[in-house]
Amino acid sequence: MRTGIVILVLVALLAGAGYAGWIMVKRSEPVSLPEPTGNFQVGRRGFEWTDTPRRDPFADGPRKLSVWLWYPVAKGTTGRKVEYAPDLWSGLHLKAPLSLFQGPFVTLEDRALDRVAIAPGRFPVVVLMPGMGLSAPMYASLAEDLASHGYLVAGVTPTYSANLTVLGGQPIGSKKAANPPNLGDSSEQAQNVGDHLVGTWAADARFAAGMLAKQLPTSVETGLGTSYVGHSFGGAASLEACRLDPRCAAAVDLDGSQFGDVVTKGVRAPIMLLGADDSCITSVCGPDAKNDADRNRALSLLKASTGTSWCATIPGSRHFNFTDYGAYYLAYPLRKFLPLGSVGPRHALTVQNGYVTTFLSHALYNTPAPGAPACAT
C-alpha cells in the first residue's frame with residue numbers, strides 16, 4: 001500500500017509538472033485582439049485631463065482622469081503598433097500566483113497604431129466607461145471596433161474606482177469609498193451607495209465628452225451628439241450621463257445593474273441593454289440567473305424612458321465576456337475561476353461588438369435596426 005501511495009504521488013507530481021510546462025509554452029505564444037470590422041484603420045493615444053472646477057470627492061484638489069482615445073485612421077497609414085498595456089499599465093495583469101495562468105501582455109498583439117494622425121472628417125463621439133475596478137484599456141476590443149467604424153472613442157478610467165490608473169507617471173490604486181465592495185448586493189444600503197457614486201462617474205463621462213472636441217485637429221469635427229457605452233457599473237454611469245446630457249444620441253449598458261435617478265426618470269435617447277445569461281439587467285432574467293433583484297430597476301428604467309429601447313442576451317455569456325478577458329490567454333483553472341461563460345470568449349466579443357456598432361449606427365444614421373427585440377416592459 002505504501003508503495004502504491006508513493007507511485008500515485010510521483011504520477012501526480014509528474015502530471016503537474018507536465019501541465020505547468022505546457023502552460024508555460026502556451027502562454028508564451030502570441031495572441032491578438034479580434035480584428036476590427038470597419039473600414040478605417042485604428043489609432044490610439046492617451047491623455048490626462050483635469051476637471052478644474054470640480055473637486056474630486058475622494059482626494060484633495062480637482063478631479064483628474066486618464067483617458068485613452070481610439071480613433072479612425074485613413075487606410076494605408078503606417079506606423080508603430082501600440083503596446084496593449086504599456087509601462088505602468090502592465091499592472092493590469094493579474095498578480096502572482098494567478099498570473100502564471102494568464103498570458104503576459106507582451107504577447108498580446110494590438111492592431112492600433114501609436115499616435116498617428118486622425119483621419120480627416122466628421123465623426124461621432126463615444127464615451128466608453130469600464131466596469132467597477134477595471135480600466136478603460138481592458139476594453140480595447142470594443143473600442144477599436146467602434147473606431148474602425150468611424151467613431152472617436154474616449155475610454156475613461158474613473159480615478160480611485162479602478163484598481164489601477166496611471167496619472168503623472170504614477171500608479172494609482174482604488175479607495176474603498178470609490179470602489180465599494182458591496183455594490184453587487186441587493187441591499188438598500190448598496191443601492192444607495194451606487195445611486196450616489198454613479199453621479200461621479202456620469203460627471204467623468206460628460207467631462208471627457210466635452211474635453212475631446214478641444215483636442216482634435218482642425219481637419220476633424222464631431223457631430224451627431226455623444227453616445228455613452230459602458231460595462232457593469234460603467235453601463236449604469238452611461239445611462240445616467242445620457243439622461244443628463246441634452247446632446248446624448250444613444251446609450252448602451254453592457255451587463256450593468258442600473259443606479260441613479262435614471263432608474264426612475266428614464267432616458268430620452270435610444271438605449272440598448274445587453275446582458276449575460278446569469279443577469280436580469282434587461283428586465284428579463286437570463287436562463288442562469290439566480291437573483292432577480294436587478295429586474296425591477298430595469299423595468300422602472302424602461303417604463304420611464306421615452307426613446308426606443310432594445311434588449312438582448314448573449315447566450316452562454318457571463319460578466320467578464322464583455323471585456324478583453326475574452327482575448328487573453330487564460331489557462332485552467334483560472335478560466336473557471338473568472339466569470340466567463342460557456343460561450344467561446346472571442347465569439348462573445350464578436351457578438352457584443354456587432355450589437356453595439358449596429359445599434360449606434362441605427363440610432364445615429366437611421367440604418368437598419370439591430371437584430372434584437374424591443375425591451376419587455
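Because the structure is a prediction, the values reported are computed rather than measured.
No donor-acceptor pair under 3.5 Å is formed between the side chain of Asp277 and the backbone N or O of Pro287. Panel note: side chain Thr282, backbone Val284; a donor-acceptor pair is recorded below 3.5 Å. Side-chain N or O atoms of Thr157 include one that pairs as donor or acceptor with a backbone N or O of Ala136 at under 3.5 Å. A side-chain donor-acceptor contact under 3.5 Å links Thr159 to the backbone of Lys64. Here the side chain of Asp110 pairs a donor or acceptor atom with the backbone of Ala112 at under 3.5 angstrom. Side-chain atoms of Glu109 never come within 3.5 Å of backbone atoms of Pro30 as a donor-acceptor pair (strictly under, hydrogens ignored). At least one donor-acceptor pair under 3.5 Å links the side chain of Ser300 to the backbone N or O of Val263. Not a single donor-acceptor pair under 3.5 Å links the side chain of Ser219 to the backbone N or O of Pro120. Panel note: side chain Ser238, backbone Gly234; a donor-acceptor pair is recorded below 3.5 Å. Without hydrogens or angle criteria, Thr50 side chain to Thr52 main chain gives no donor-acceptor distance under 3.5 Å.
Under the 4.5 Å side-chain heavy-atom criterion for Ile, Leu, Val, Met, Phe, Trp and Tyr, Phe322 and Leu33 are members of the same hydrophobic cluster. A single hydrophobic cluster is seen to contain both Leu128 and Leu134, as judged by linkage of ILVMFWY side chains at heavy-atom distances under 4.5 Å, directly or through other members. Put simply, Leu340 and Leu334 are part of the same group of oily side chains (I, L, V, M, F, W, Y) that touch within less than 4.5 Å, one to the next. A continuous path of hydrophobic side-chain contacts links Leu274 to Val126 [ILVMFWY only; heavy atoms under 4.5 Å]. Both Leu142 and Met138 belong to a single network of hydrophobic side chains, linked directly or stepwise wherever heavy atoms of I, L, V, M, F, W or Y lie under 4.5 Å apart.
Expressed to the nearest 0.5 Å, how far OG of Ser174 lies from CG of Leu164 amounts to 10.0 Å. Distance CG/Leu212 to CG/Leu152: 5.5 Å, rounded to 0.5 Å. Gln102 CD to Ser99 OG: the interatomic distance, rounded to the nearest 0.5 Å, is 8.0 Å. In this structure, Tyr71 OH and Arg115 CZ are separated by 9.0 Å, a value rounded to the nearest 0.5 Å. The SG atom of Cys375 sits 8.5 Å away from atom CG of Leu301, with the distance rounded to the nearest 0.5 Å. Atom OG of Ser32 and atom CZ of Arg346 lie 5.0 Å apart (nearest 0.5 Å).
The stretch residues 87-166 participates, sequence neighbours left out, in no disulfide bond (SG atoms under 2.5 Å apart) pair at all. Sorted by first and then second residue, the salt bridge (Lys or Arg N to Asp or Glu O under 4.0 Å) pairs with a member in residues 224-233 form an empty list; sequence neighbours excluded. Residue pairs that meet the side-chain hydrogen bond (donor to acceptor under 3.5 Å, both in side chains) test with at least one member in residues 130-154, sequence neighbours left out, are Thr37-Asp145, Thr37-His149, Tyr139-His231, Ser141-Asn353. The list of salt bridge (Lys or Arg N to Asp or Glu O under 4.0 Å) pairs with a residue in residues 290-300, not counting sequence neighbours, reads Asp195-Arg297. Among residues at least two apart or in separate chains, disulfide bond (SG atoms under 2.5 Å apart) pairs with a member in residues 187-249 are Cys242-Cys248.
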Leu113 vs Gln41, side-chain contact (heavy atoms from CB on, under 4.5 Å): CA-CA, chis, key distance, verdict:
CA-CA 8 Å; Leu113 299 175; Gln41 289 181 252; 3.6 Å; yes

With ring-ring contact (aromatic ring centres under 6.0 Å, His included) as the test, would you mind laying out the steps for Phe40 and Phe123 before giving the verdict?
CA-CA 12 Å; Phe40 289 96; Phe123 305 115; 5.6 Å; yes

Test Leu254 against Gln352 for side-chain contact (heavy atoms from CB on, under 4.5 Å), laying out the working first.
CA-CA 9 Å; Leu254 302 172; Gln352 169 197 256; 3.6 Å; yes

Output, in order, the C-alpha distance, side-chain angles, deciding distance and verdict of side-chain contact (heavy atoms from CB on, under 4.5 Å) for Cys311 and Leu302.
CA-CA 10 Å; Cys311 291; Leu302 293 170; 4.3 Å; yes

Does Asp245 form a side chain to side chain donor-acceptor pair (under 3.5 Å) with Tyr228? I'd like the steps, not just the answer.
CA-CA 10 Å; Asp245 186 351; Tyr228 297 92; 2.6 Å; yes

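Closest approach of Ala190 and Leu183 over heavy atoms only: O-CD2, 3.7 Å. Ala202 and Ala237 make their closest contact through CB-O, 3.9 Å (heavy atoms, listed as atom of the first residue, atom of the second, distance). Nearest heavy-atom pair, Ala276 versus Asp255, reported as atom, atom and distance to 0.1 Å: N-OD1, 3.0 Å. Of all heavy-atom pairs spanning Val262 and Glu240, the tightest one is N-OE1, 2.9 Å. Minimum interatomic distance between Val156 and Ala208 (heavy atoms only, all atoms of both residues): CG2-CB, 3.5 Å. The two atoms that bring Leu349 and Ala327 nearest to each other are CD1-N, 4.0 Å, heavy atoms only.
Screening Val351, Leu338, Val343 for a side chain to side chain contact (heavy atoms under 4.5 Å, CB included) with Asn321, the sole residue that qualifies is Val343.
Residues Thr367 and Ser361 have side chains that bring a donor and an acceptor to within less than 3.5 angstrom of each other. Using modelled atom types and a 3.5 Å distance limit, the side chains of His319 and Ser232 yield a donor-acceptor pair.
Scored by the side-chain hydrogen bond (donor to acceptor under 3.5 Å, both in side chains) test, Asp114 finds Arg80 as partners (sequence neighbours excluded). Among residues two or more places apart in sequence or in another chain, the ring-ring contact (aromatic ring centres under 6.0 Å, His included) test is passed with Trp310 by Phe359, His362. Shown here are the ring-ring contact (aromatic ring centres under 6.0 Å, His included) partners of Phe47, two or more places apart in sequence or in another chain: Trp49. In this structure Asp253 satisfies the side-chain hydrogen bond (donor to acceptor under 3.5 Å, both in side chains) test together with Gln258, sequence neighbours excluded. Every residue two or more places apart in sequence or in another chain that forms a side-chain hydrogen bond (donor to acceptor under 3.5 Å, both in side chains) with Tyr84 is listed here: Asp324, Tyr328. In this structure Arg54 satisfies the salt bridge (Lys or Arg N to Asp or Glu O under 4.0 Å) test together with Asp51, Asp204, sequence neighbours excluded. Every side-chain hydrogen bond (donor to acceptor under 3.5 Å, both in side chains) that Asp278 has, sequence neighbours left out, goes to Arg318.
Met132 has its side chain within reach of Asn179: a pair of non-hydrogen atoms, C-beta onward, lies under 4.5 Å apart.
Figure legend: cation-pi geometry between Lys175 and Phe58 absent, as NZ or CZ is not positioned both under 6.0 Å from the six-membered ring centre and within 45° of its axis.
Atom NZ of Lys336 is surrounded by 12 or fewer heavy atoms from other residues, nucleotides or ligands within 6.0 Å. By the 6.0 Å contact criterion, NZ on Lys75 is enclosed, its count of non-hydrogen atoms from other residues, nucleotides or ligands being greater than 12.
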